[in-house]
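To start, the structure under review is shown below, and the notes come after it.
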Amino acid sequence: MLSIPDDKIRPFITITIDQPTFSDQNIHEIQEPFFFLMKENQVFAYIRMDDLPLNEKITTVDQLLQYAFSIDNVCKLHPNISLPHLFQIIGEPIVLIKTDDGLLTGYVKREDVLAELFKQDSKQNLDLLNVILTSIPMGIFVADKEKNIVNFNESGLKMIKKPSEQVLNEPAASIFNKQHIHSVFASGSSILNQLEITDVMSVLVDYSPILNHEKEVEGLIIIVQDLPMVEEMAMEIELIKSSNKDLNAILANIYDEILVVNQKGELLRYSDSIISGFWGKDLKDYIGKNLLQLEDEGIFNPSVTRLVLEQKKKVSIVQDTKMNKKVLSVGTPVFNEKGEIDRIVIASRDITETTQLKSELNEMRKELDSFKKQDQFYKELVFASPKMEQIISQVKKIAHFSSTVLINGESGVGKEVIAEAIHKMGRRSKMPFLKINCGAIPENLLESELFGYTKGSFTGADKNGKVGYFQQANKGVLFLDEVGDMPIHLQVKLLRVLQEQEVIPIGSTTPISIDVQIVAATNKSLEKMVEMGTFREDLFYRLNVIPIHVPPLRERPEDIPPLAFHFLQKLNERYQRNYHFSPDALNILEVYTWPGNIRELQNMIERLVVSADEEMIDADFIQRFIPVGSDFKQTKPIITRILPLQEAQDHVEEQLIILAMKQYKTTTKAAKALGISQSSVSRKYQKVLAEQQSKKIENDAF
């Protein structure tokens, strides 16, 4: 038992820090080597006087706390100290003395305790070094200046397998490496990790000098580790190295950037895969730095480390950086046995290019949708006749310009489809396409619809005003259907739009510039209207820049079968049916004149589908709705070129015979329809077949 004299127990010099500042007392005038900090009447920390800067005046708590050490790890003992307490005392520079009631009364410096140990004449105290040596599991041998062994522990004797009488006062070189011993004495430097194997021992040896105050070598400490223990440690180290090697290989080949962060947000380590341009400098410069601060500096935003610490769960975010990068970061917390976050593993991947590709993909999808719409529109352009093929070819050329187009044709021939084709095929396809029927809107409303009006322009007007069709169609195409029905006073305003490319809303005097391609359509003869004075001549010439005449369906019978199939297929898709035409049914449709043109054909196909009892629609069924001869006699053959009269007669006769036989199948019915005898039909039909067969043989020969 070691007893500490009262004169060695020093009183507490304390400073209270319950307030952020304290009195202007000069801390540097304190004579004690240590002083203590109190809070709420409790001592909680100490400060070494030697640690304080000499030329700095300390007046705030924050300044003091920079140099403070907690007393949590300091020994708190009674004045009578047992020998095991000495091992605890060695860890701190002071020992706190307490009463039996646990109250702290003062402190003792560590040096004073150890000095008392050797002053007090007690065998237990004198044997302290031997106790310490014996307690150490490694072998320890101490040699004096003459290089003789003067002390050792039991662990060392067991490792070298010698009794104490063969070691004490014997030359160290008789047991250990002579060259290493001489080298340590000569250089004053340690020699570590030396493997020494003899017939009686296998050990790992460290040689370290004992230096005095003048740095002179006065002795030698030899630390010995038994080889089996060393081998076990080595195997464990190799296992750890192997695991680290595998881990490093995995990390080096992972595409993602991997970071390991502690519970404070400080970067501990990182993988070889680094996101280029993300950190702004070498990532190794951030080791030990708090990543939470980088969010405040704007390096990236938001911080996945902060979110994991706040939410205490796995977090996935997309970060934006100063370098305009987008990074996908996944933070995963690692918890200790207390359920507290111990580490955070962050996996990050640069998705800037992916985001750009996604954006480009969306743009491509938009373009693809546009192409699909165009493709869908092209499917609506159903024709087979040379006349329509020529018109569509002209439309493709017109579409790349902004010229005004005037489409003329009978009602129902598809003038609106031609106008849409000009829009879809041209450079304005992504801009608006608006259409207005000039004959379907009352005259008093047509002007406001076309030109718009300002707030309060007239009674009943919208209080906010209205934007007209011309402004709505800006950069796009405006289709003016039935333009021949436009009133004279509006024709003047339309002429101004075409000339000046600007509109003036009703109630305003300020012109508004526009960029609109005008496509007009009419089923009337504007030339005759000009002669009659019902249509302005100057407007006619402004509209008639690019004229397109769409022929009626009777002048292009080749278009009837594909159009009929098209309308029938749309109805089949709408009603999930499978209606189809027989060949003779198409003959009936083809020879009809269709005064209502395509609109009438479309309506007729729908009527046939709704009325049909069978999926096969034949000629007999169609004749219920289109009586044979109802208008055929009114239809006259159209001759498009000059040819000899007899040749024309033969040609017409041949066509009539073929058409009659296709339609009626028998010569009797065909003769009745043609108004000639059955024998004449039979003779002429045989002649036609013979001529066709002859032509076929000639073609096959070539």
Would you please indicate if the ring centroids of Tyr107 and Tyr46 are separated by under 6.0 Å?
no

So Ile222 and Asp206, do their side chains get closer than 4.5 Å, heavy atoms only?
no

Is the backbone of His182 close enough, under 3.5 Å, to the side chain of Tyr207 for a donor and an acceptor to pair up by distance?
no

Atom CZ in Phe176, atom CE in Met201: separation rounded to 0.5 Å?
5.5 Å

Do Ile317 and Leu307 have side chains that get closer than 4.5 Å, going by heavy atoms?
yes

Set out, in order, the CA-CA distance, both residues' side-chain angles and the distance that settles side-chain contact (heavy atoms from CB on, under 4.5 Å) for Val95 and Val74, then state yes or no.
CA-CA 6 Å; Val95 179; Val74 178; 5.7 Å; no

Any donor-acceptor pair under 3.5 Å linking the side chain of Ser187 with the backbone of Ser183?
yes

Rounded to the nearest 0.5 Å, the NZ atom of Lys313 sits from the OG1 atom of Thr332 at a distance of 12.5 Å

Mind listing the closest non-hydrogen atom pair of Ile287 and Leu268 along with its distance?
CD1-O, 3.4 Å

Do Glu266 and Lys289 meet the salt-bridge criterion of a basic N to acidic O distance under 4.0 Å?
no

Is the Lys NZ or Arg CZ of Lys109 less than 6.0 Å from the centre of Phe34's six-membered ring, within 45° of the axis?
no

List the steps and the verdict of side-chain contact (heavy atoms from CB on, under 4.5 Å) for Asp18 and Lys39.
CA-CA 6 Å; Asp18 290 330; Lys39 190 172 184 179; 3.4 Å; yes

Measure from NZ or CZ of Arg48 to the centre of the six-membered ring of Phe69, then state whether that distance is under 6.0 Å and the direction lies within 45° of the axis.
yes

Residues Asp342 and Gln263: closest non-hydrogen pair is O-OE1, 3.4 Å

For Val318 versus Pro302, what's the shortest heavy-atom pair and its separation?
O-CD, 4.0 Å

dist Gln66:CD -> Asp51:CG (nearest 0.5 Å) comes out at 12.0 Å

Just wondering, more than 12 heavy atoms not from Asp7 lying within 6.0 Å of its CG?
yes

Within-4.5 Å side-chain heavy-atom neighbours: Leu104 and Ile97:
no

Is there a donor-acceptor pair closer than 3.5 Å between any side-chain N or O of Glu146 and the backbone N or O of Asp144?
no

When you check the side-chain N and O atoms of Ser70 and Asp72, is any donor under 3.5 Å from an acceptor?
yes

Main-chain N/O of Leu103 paired to Asp101 side chain as donor or acceptor, under 3.5 Å:
no

Check: Arg428 side chain, Lys475 main-chain N or O, donor-acceptor pair, under 3.5 Å
yes

Candidate pair Leu220 and Val142, rule side-chain contact (heavy atoms from CB on, under 4.5 Å), full reasoning:
CA-CA 6 Å; Leu220 175 69; Val142 180; over 6 Å; no

One should read off an interatomic distance between Ser155 OG and Ile140 CD1, to the nearest 0.5 angstrom, of 8.0 Å

All heavy atoms of Val217 vs all of Gly188, minimum pair found to be CG2-CA, 3.7 Å

Flag side-chain contact, heavy atom, 4.5 Å: Ile341 against Leu309
yes

What distance separates Ile13 CD1 from Met49 CE, expressed to the nearest 0.5 Å?
10.5 Å

Just do the side-chain contact (heavy atoms from CB on, under 4.5 Å) check on Met38 and Val43 with the steps written out, would you?
CA-CA 4 Å; Met38 292 186 67; Val43 174; 3.8 Å; yes

So if I apply the side-chain contact (heavy atoms from CB on, under 4.5 Å) rule between Leu96 and each of Ile71, Val108, Thr105, which one comes out positive?
Ile71

Short question: side chain of Asn474, backbone of Asp515 - any donor-acceptor pair under 3.5 Å?
yes

Distance from Asn262 atom CG to Ile344 atom CD1, nearest 0.5 Å?
8.5 Å

If you count every heavy atom of other residues, nucleotides or ligands that lies below 6.0 Å from Glu40 atom CD, does the total exceed 12?
no

Could you check whether any side-chain heavy atom of Leu52 comes within less than 4.5 Å of a side-chain heavy atom of Ile58, counting everything from C-beta outward?
yes

More than 12 non-hydrogen atoms from neighbouring residues, nucleotides or ligands closer than 6.0 Å to CD on Glu340, yes or no?
yes

Taking every heavy atom of Leu65 against every heavy atom of Ile17, the minimum-distance pair comes out as CD2-CD1, 4.3 Å

Measure the acute angle between the ring planes of His423 and Phe433, then classify it against the limits of 30° and 60° as parallel, tilted or perpendicular.
tilted

Is any NZ, NE, NH1 or NH2 atom of the basic residue among Lys158 and Glu154 found under 4.0 Å from an Asp or Glu carboxylate oxygen of the other?
no

Count the heavy atoms belonging to other residues, nucleotides or ligands that lie under 6.0 Å from CD of Glu573, then report whether that count exceeds 12.
yes

Got Ser164 and Leu157 here, is their nearest side-chain heavy-atom distance under 4.5 Å?
yes

Asn41 atom CG, over 12 foreign heavy atoms within 6.0 Å:
no

So His180 and Glu196, do their side chains get closer than 4.5 Å, heavy atoms only?
yes

Has Gln63 got a side-chain atom pairing as donor or acceptor with Thr60's backbone, closer than 3.5 angstrom?
yes

Using the six-membered ring wherever Trp is involved, compare the ring planes of Phe152 and Phe141 and label them parallel, tilted or perpendicular (cut-offs 30° and 60°).
tilted

Should Pro209 and Ser189 count as side-chain neighbours, where that means a heavy-atom distance under 4.5 Å?
no

Contact summary for Lys76 and Lys98, nearest pair of heavy atoms
O-CE, 3.3 Å

